[in-house]
Amino acid sequence: MATASDPDTRERWRWSAHSEMAIQGPLSGFGDDLVQAWLEETQGLTLTLTGVVPETLDKIHALHAESEKHSTNSFICRNNNHAFAIKKIDSSWYLLESELASPYTITEEHAAQTRGGMSRTFELFVLKHKTPQICYPCPQPYMEVQDKAFCLLHAFNMALGMHILFGASVLSHIRQLEHTLLLRNLPHISLRHLYTPSIGRFNITILNHYLHYLSWNANYICYLHYSRTDLQQGQINRHLVENLTNAAAYKSAVLLISKNQSGQLHAKALRNIENVLPHTQNTWCLLDSENSHPIYLTTEENWHQLCGSILTIQSGSFWDHLAATSDLHLADPHIPLSPEPNINQNGSTVHMIDTAPLPQQHTRDEQINPATIPQGIEHAHLHAPAGISTRPHHTWHEHLKIITMNVRGLF
């Protein structure tokens with residue numbers, strides 16, 4: 001089927017014409033009604049006749065006039081029972097004719113306007129949407145396409161409106177933690193409950209640990225926090241989300257974790273966009289890396305379809321929300337570990353962890369992401385907390401050591 005939007009199409013599209021130019025009698029191809037019905041039902045489009053270009057008329061002049069009149073750069077054309085397309089690319093018009101070997105440039109010269117179907121009188125048609133499309137005065141919100149199982153990173157990036165976290169960098173960070181466990185002769189401790197090798201599927205605990213050591217996060221100390229869990233359809237609404245964001249460090253978005261069509265837990269972003277729809281100051285939209293476009297939550301019905309757990313972006317010490325007995329304390333190379341483990345009265349092995357201050361600078365391979373401070377982070381409206389410690393929080397004196405046991409799952 002020759003279309004005005006695909007310059008590489010070479011197939012022939014014929015249909016019956018019931019105009020004064022049509023050849024009388026039965027014709028091969030599809031009838032007008034059948035073509036129109038197919039376009040409306042499958043594409044949401046209608047084929048609209050805009051005018052007739054006589055054989056003797058200056059074709060370039062006619063195309064410019066019709067293009068400006070209908071705000072289009074492409075036409076489907078027909079004479080007798082044959083169809084072809086004409087499309088403007090950059091500043092030149094091209095004839096896309098299935099009976100020609102290649103697209104043909106239409107110039108001001110009369111000879112160039114008499115190739116193929118253009119040599120005779122023909123009708124001009126434009127494809128229009130069946131219903132008026134919404135014109136967005138502002139650019140569409142930032143979105144990412146699903147890569148491996150990095151949905152938590154995609155959701156975080158879409159929430160902030162920029163590509164700020166990279167899957168390869170997080171995996172590299174985890175490999176450093178696992179290498180530290182080997183160096184500390186702790187091969188029995190595994191971090192596999194926090195992620196899946198190679199593909200991601202990160203737990204928020206491991207992502208928060210990664211965020212803690214990013215240099216740009218030194219001023220914000222942001223981390224992800226479960227604010228509401230296991231909400232059912234009908235329990236999530238605009239009022240709830242805005243109450244949660246008002247109490248968070250980042251007030252323009254939250255993350256939503258629910259099951260996707262495959263039954264896997266999947267992270268998305270709910271972001272408040274300003275002036276994206278006509279006659280509205282701000283609109284919440286659902287940004288899903290498994291979808292190609294945002295879903296604007298403009299009705300209560302839209303909101304009531306949502307379910308799952310809501311994560312907010314908070315500011316504060318990540319360590320205040322991580323049990324001191326977690327595996328990450330043992331795997332973190334910035335937390336000194338006593339070379340000699342002790343045996344307690346029950347015969348269990350315990351490790352001595354020093355509470356020395358932690359450097360905030362991340363030590364990952366910067367070749368993966370050379371930008372130490374992401375461009376535009378200052379416009380993300382993250383609110384930096386005051387007087388927050390950036391090291392593990394303990395109530396004992398700094399020079400004392402604490403005894404921790406490797407208890408799984410306490411974070």
Do the non-hydrogen side-chain atoms of I236 and L256 ever get within less than 4.5 Å of each other? yes
Under the side-chain contact (heavy atoms from CB on, under 4.5 Å) rule, collect the residues that match up with S92, sequence neighbours excluded. Y94
Sidechain-backbone polar pair: E97 side chain, G117 backbone, donor-acceptor under 3.5 Å: yes
With the side chain counted from C-beta on, respond yes when Y296 and P141 share a heavy-atom pair under 4.5 Å apart, and no when they do not. yes
Just distance, no hydrogens or angles: give the donor-acceptor pairs under 3.5 Å from side chains in residues 265-273, sequence neighbours left out.
from	atom 1	to	atom 2	distance (Å)
H266	NE2	D288	OD1	2.7
K268	NZ	S258	OG	2.8
N272	OD1	T283	N	3.4

Under the side-chain contact (heavy atoms from CB on, under 4.5 Å) test, residues paired with T229 that sit two or more places apart: Y226, S309
Worked check of side-chain hydrogen bond (donor to acceptor under 3.5 Å, both in side chains) between Q264 and S262: CA-CA 6 Å; Q264 301 290 327; S262 301; over 6 Å; no
List the steps and the verdict of side-chain hydrogen bond (donor to acceptor under 3.5 Å, both in side chains) for N282 and E274. CA-CA 4 Å; N282 55 68; E274 295 183 355; over 6 Å; no
Other residues, nucleotides, ligands: >12 heavy atoms within 6.0 Å of H179 NE2: no
For Q314 and G316, indicate whether the former's side chain and the latter's backbone hold a donor-acceptor pair under 3.5 Å. no
Any non-hydrogen side-chain atom of L255 less than 4.5 Å from a side-chain atom of L152? yes
Please check if the distance between the ring centroids of Y213 and H334 is under 6.0 Å. yes
For the pair E144 (side chain) and M158 (backbone), establish whether a donor and an acceptor sit closer than 3.5 Å, ignoring hydrogens and angles. no
Rounded distance [0.5 Å steps], NE2 in H225 versus CG in L244: 9.0 Å
Just verifying a value: how many Å separate L63 CG and H61 NE2, rounded to the nearest 0.5 Å? 10.5 Å
For a 4.5 angstrom cut-off between non-hydrogen side-chain atoms, does L160 reach Y250? yes
Can you confirm whether W93 sits close enough to Y104 that some side-chain heavy atom of one is under 4.5 Å from a side-chain heavy atom of the other? no
How about L240 and L231: do any of their side-chain heavy atoms sit closer than 4.5 Å? yes
Looking only at heavy atoms, what is the nearest atom pair of K128 and T48, with distance? CD-OG1, 4.1 Å
D327 and its side-chain contact (heavy atoms from CB on, under 4.5 Å) partner, picked from D332, L191, L186: L191
Euclidean distance, C285 SG relative to M143 CE, rounded to 0.5 Å: 8.0 Å
CD1/I335 to NE2/H329 distance, rounded to the nearest 0.5 angstrom? 5.0 Å
For Q176, is there any backbone N or O sitting under 3.5 Å from a side-chain donor or acceptor partner on T180? yes
Got a sec, which residues hit side chain to side chain donor-acceptor pair (under 3.5 Å) with T72, two or more places apart in sequence or on another chain? none
Side chain of S190, backbone of R192: donor and acceptor closer than 3.5 Å? yes
F150/F202 aromatic ring centres below 6.0 Å: yes
Between H154 and E290, a side-chain donor and acceptor under 3.5 Å: no
Flag, side chain of N73 to backbone of K87, donor-acceptor distance under 3.5 Å: no
Set of residues satisfying side chain to side chain donor-acceptor pair (under 3.5 Å) with respect to N243, sequence neighbours excluded: H239
Heavy-atom distance under 4.5 Å between the side chains of L39 and T46, does that happen here? no
Does N208 reach the main-chain N or O of Y223 with its side chain, forming a donor-acceptor pair under 3.5 Å? no
If you round to the nearest 0.5 Å, how far is CZ of F75 from CG of L124? 5.5 Å
Are the side chains of T298 and W284 in contact, using a 4.5 Å heavy-atom criterion? no
List the steps, then state whether side-chain hydrogen bond (donor to acceptor under 3.5 Å, both in side chains) holds for T299 with N302. CA-CA 5 Å; T299 66; N302 296 145; 2.9 Å; yes
Test F84 against M118 for side chain to side chain contact (heavy atoms under 4.5 Å, CB included), laying out the working first. CA-CA 9 Å; F84 54 96; M118 292 183 62; 4.0 Å; yes
Closest non-hydrogen atoms of Q36 and L45, given as atom of the first, atom of the second and distance, are OE1-O, 4.4 Å
With I189, the side-chain contact (heavy atoms from CB on, under 4.5 Å) member among L181, L328, L182: L181
So which pairs with a foot in residues 232-250 pass salt bridge (Lys or Arg N to Asp or Glu O under 4.0 Å), sequence neighbours left out? R238-E242
Decide whether Y142 and Q140 meet the rule of one side-chain donor and one side-chain acceptor closer than 3.5 Å. no
Verdict with reasoning, Q232 to H304, per side-chain hydrogen bond (donor to acceptor under 3.5 Å, both in side chains): CA-CA 9 Å; Q232 305 301 311; H304 290 169; over 6 Å; no
To the nearest 0.5 Å, atom CG of L165 lies from atom CG of L153 at 5.5 Å
Search all heavy atoms of A331 against all heavy atoms of L177 and return the closest pair with its distance. O-CD2, 3.4 Å
